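Data block below; observations after.
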Amino acid sequence: MNDFFKEAIKQAEKAAKLNEIPVGAIIVKNNKIIAKGYNNRQKSNNPLGHAEIIAIIKASKKIKDWRLNNCEMYVTLEPCLMCENIIKEARIEKVYYLLSRKNNINGKLEKIQTNVFNNDKEQYEKMLKNFFEKLRLKA
């Protein structure tokens, strides 16, 4: 499981290099990574360019089914409401994330389970803070 988070962080790093909010996601089936994604809304000019959605689209193409039964998602940041709904529609059974969103008004999804690994969490938390600090300096 820890290796899956390391891969999700690598995806988040790709987003950060493109000046995107650093969020990375992977989808796992039968203990193998079947899809990866990272935020690319700015680059693609697409409001659907969330890491979770990109990973879901890739996984669906790979297994040739929109139903991602028996799949798990590992994502660096707790999914937003839009992504939560798409995760439910895709029938992903478990989602693990490193950091929760602050001021979460909609609560947790029933099927989302959290599992935090401190080393990975600290590494990702630093990346996210650095990203937003750089944005503030540019403003």
Side-chain angles (χ1 to χ4, degrees):
M1 203 178 290
N2 209 7
D3 288 341
F4 296 144
F5 275 125
K6 288 187 186 323
E7 186 58 44
I9 289 171
K10 285 181 186 175
Q11 295 302 304
E13 288 170 342
K14 290 180 181 181
K17 287 178 184 174
L18 298 172
N19 291 320
E20 300 277 353
I21 296 174
V23 178
I26 62 161
I27 296 178
V28 174
K29 185 169 185 163
N30 299 325
N31 219 23
K32 289 186 176 181
I33 296 173
I34 63 167
K36 303 173 187 179
Y38 56 87
N39 275 3
N40 72 1
R41 290 188 321 171
Q42 299 299 325
K43 183 180 177 201
S44 65
N45 293 313
N46 185 340
L48 301 176
H50 290 220
E52 300 93 329
I53 294 171
I54 293 165
I56 288 169
I57 291 168
K58 288 179 178 180
S60 296
K61 285 180 182 176
K62 178 146 187 151
I63 67 169
K64 295 177 175 62
D65 194 347
W66 62 268
R67 296 171 201 87
L68 299 178
N69 295 318
N70 303 312
C71 290
E72 298 176 337
M73 179 179 281
Y74 293 79
V75 61
T76 54
L77 187 62
E78 179 181 8
C80 68
L81 182 59
M82 175 180 67
C83 290
E84 284 182 5
N85 286 314
I86 293 171
I87 289 165
K88 282 182 181 179
E89 289 295 321
R91 300 182 181 164
I92 294 174
E93 295 174 10
K94 294 180 185 175
V95 175
Y96 302 96
Y97 53 88
L98 290 174
L99 290 181
S100 64
R101 291 181 175 272
K102 302 220 188 250
N103 304 321
N104 184 1
I105 58 170
N106 59 332
K108 303 276 187 282
L109 272 178
E110 284 179 42
K111 292 189 177 186
I112 286 190
Q113 298 177 1
T114 62
N115 212 351
V116 176
F117 296 90
N118 285 331
N119 291 338
D120 292 333
K121 180 182 175 185
E122 289 172 11
Q123 178 186 352
Y124 177 65
E125 201 166 24
K126 285 179 188 174
M127 181 193 316
L128 200 58
K129 283 181 182 177
N130 288 340
F131 175 80
F132 285 109
E133 284 174 9
K134 286 178 186 174
L135 277 182
R136 284 186 207 109
L137 291 174
K138 288 181 183 177

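Along the sequence shown, the residues carry numbers beginning at 1. From a predicted model like this one, the values you see are computed outputs, not experimental measurements.
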*In plain terms, say whether K43 and E20 are close enough for a salt bridge, that is, a side-chain N and a carboxylate O under 4.0 Å apart.*
no
_How long is the straight-line distance from NZ of K94 back to SG of C71, given to the nearest 0.5 Å?_
12.5 Å
_Nearest-0.5 Å distance that lies between atom CD in E89 and atom CD1 in I92_ = 11.5 Å
*Hydrophobic cluster membership, Y96 vs V75, 4.5 Å side-chain cutoff*: yes
*Taking all heavy atoms of A55 and all of G37, pick out the closest pair and write down the distance.*
CB-N, 4.0 Å
*asked:* Within this structure, what is the CD1-SG distance for the pair I53 and C80, rounded to the nearest 0.5 Å?
replied: 6.5 Å
*asked:* To the nearest 0.5 Å, what is the distance between CD1 on I9 and CG on L98?
replied: 5.5 Å
*Provide the closest heavy-atom pair for Q11 versus G24 in the form atom of the first, atom of the second, distance.*
CB-CA, 3.7 Å
*Can you find a heavy atom in the side chain of I33 that is under 4.5 Å from one in the side chain of F4?*
yes
*Of all heavy-atom pairs between K29 and N70, which one has the smallest distance, and what is that distance?*
CG-O, 3.8 Å
*Can you hop from L99 to M82 via hydrophobic side chains spaced under 4.5 Å?*
yes
*Does I56 belong to the same Ile/Leu/Val/Met/Phe/Trp/Tyr cluster as V28, with side-chain heavy atoms less than 4.5 Å apart forming each link?*
yes
*Side chains of D3 and K6: does their closest heavy-atom pair fall under 4.5 Å?*
yes
*With rounding to the nearest 0.5 Å, note down the distance linking SG in C83 to CG in L48.*
9.0 Å
*For A8, does its backbone N or O pair with a side-chain atom of T76 as donor and acceptor, under 3.5 Å?*
no
*Can you tell me how far CD of E13 sits from CG of L18, rounded to the nearest 0.5 angstrom?*
12.5 Å
*Identify the heavy atoms of K62 and I34 that sit nearest to each other, and give their distance.*
CD-O, 3.3 Å
*Over all atoms of both residues, closest heavy-atom pair of A35 and K58*: CB-CB, 3.8 Å
*Locate the shortest heavy-atom distance separating Y97 from P79; write the atom from each residue and the value.*
CD2-CD, 4.1 Å
_Do V23 and H50 make a side-chain contact, defined as non-hydrogen atoms from C-beta onward lying under 4.5 Å apart?_
no
*Indicate the ring-plane relationship of F5 and Y74, choosing parallel, tilted or perpendicular according to the 30° and 60° boundaries.*
perpendicular
*Is there a side-chain contact between I21 and F132, using heavy atoms and a 4.5 Å cut-off?*
yes
*Tell me, with the steps shown, if I27 and M73 meet side-chain contact (heavy atoms from CB on, under 4.5 Å).*
CA-CA 5 Å; I27 296 178; M73 179 179 281; 4.0 Å; yes
*Would a hydrophobic clustering, with Ile, Leu, Val, Met, Phe, Trp and Tyr connected at side-chain separations under 4.5 Å, put Y38 with I26?*
no
*Residue from K14, K36, K32 passing salt bridge (charged side-chain N to carboxylate O under 4.0 Å, His left out) with E7*: K36
*Examine distances only and state if a side-chain atom of N39 and a backbone atom of P22 form a donor-acceptor pair shorter than 3.5 Å.*
no
